[in-house]
Amino acid sequence: MKTYKLTAFEANGEKIMDESFQAENDDAAKIEGEKLLSEKDLLEKTHRCTSPSGKLLLFHP
């Protein structure tokens, strides 16, 4: 399992979510990241999900 980082922001730049989670691979991490954002009603907020190597997996400006 790899550790991925999920971060969400308000329009003014304030960080409203900063969580790490485990996933088997990048595809699973995308699904898990979207699930976490949906559960917290943050899908429409600015967000990003990055892999352990720094690869950007999810991004919403």
Side-chain angles (χ1 to χ4, degrees):
M1 295 287 263
K2 298 177 184 176
T3 302
Y4 293 83
K5 187 81 166 181
L6 185 61
T7 311
F9 303 89
E10 287 289 0
N12 66 3
E14 176 188 355
K15 194 181 294 185
I16 53 176
M17 180 182 186
D18 191 12
E19 294 186 14
S20 296
F21 65 93
Q22 298 281 313
E24 194 72 31
N25 56 46
D26 290 354
D27 291 332
K30 286 182 191 180
I31 294 167
E32 182 65 21
E34 287 177 339
K35 178 182 166 193
L36 289 168
L37 289 164
S38 180
E39 288 172 357
K40 297 178 186 266
D41 199 27
L42 297 173
L43 276 173
E44 296 305 314
K45 298 287 186 181
T46 299
H47 62 263
R48 66 178 175 225
C49 180
T50 55
S51 72
S53 65
K55 182 178 177 183
L56 189 61
L57 303 176
L58 293 174
F59 179 73
H60 184 281

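Atom set for the values below is all heavy atoms of this structure, side chains included, hydrogens, waters and symmetry mates excluded.
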Q: Please collect all salt bridge (Lys or Arg N to Asp or Glu O under 4.0 Å) contacts where either partner lies in residues 43-61, sequence neighbours excluded, each pair once.
A: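 Applying salt bridge (Lys or Arg N to Asp or Glu O under 4.0 Å) to every pair that reaches into residues 43-61, excluding sequence neighbours, yields E10-K45, D26-K55.
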Q: Test: side-chain hydrogen bond (donor to acceptor under 3.5 Å, both in side chains). Region: residues 28-43. Which pairs qualify, not counting sequence neighbours?
A: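 For residues 28-43, and leaving out neighbouring residues, the side-chain hydrogen bond (donor to acceptor under 3.5 Å, both in side chains) pairs sorted by first residue read E19-K40.
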Q: Do you know which two heavy atoms are closest between A23 and A28, and how far apart they sit?
A: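 Nearest heavy atoms, A23 then A28: CB-C, 4.1 Å.
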Q: How close do A29 and F21 get, heavy atom to heavy atom, and via which atoms?
A: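 Heavy atoms of A29 and F21 come nearest at O-CZ, 3.6 Å.
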Q: Determine, stepwise, if the pair F9 / I16 fulfils side-chain contact (heavy atoms from CB on, under 4.5 Å).
A: CA-CA 5 Å; F9 303 89; I16 53 176; 5.5 Å; no
Q: What do the steps show when you test L37 against L6 for side-chain contact (heavy atoms from CB on, under 4.5 Å), and what is the final call?
A: CA-CA 9 Å; L37 289 164; L6 185 61; 4.0 Å; yes
Q: Once rounded to the nearest 0.5 Å, what's the spacing between atom OH of Y4 and atom OG of S20?
A: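 One finds 12.5 Å between OH of Y4 and OG of S20.
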Q: Could you state the interatomic distance from CG (L42) to OG1 (T7), rounded to the nearest 0.5 Å?
A: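 Between atom CG of L42 and atom OG1 of T7 there are 11.5 Å.
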Q: Got M17 and H47 here, is their nearest side-chain heavy-atom distance under 4.5 Å?
A: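 No. Closest side-chain heavy atoms not under 4.5 Å.
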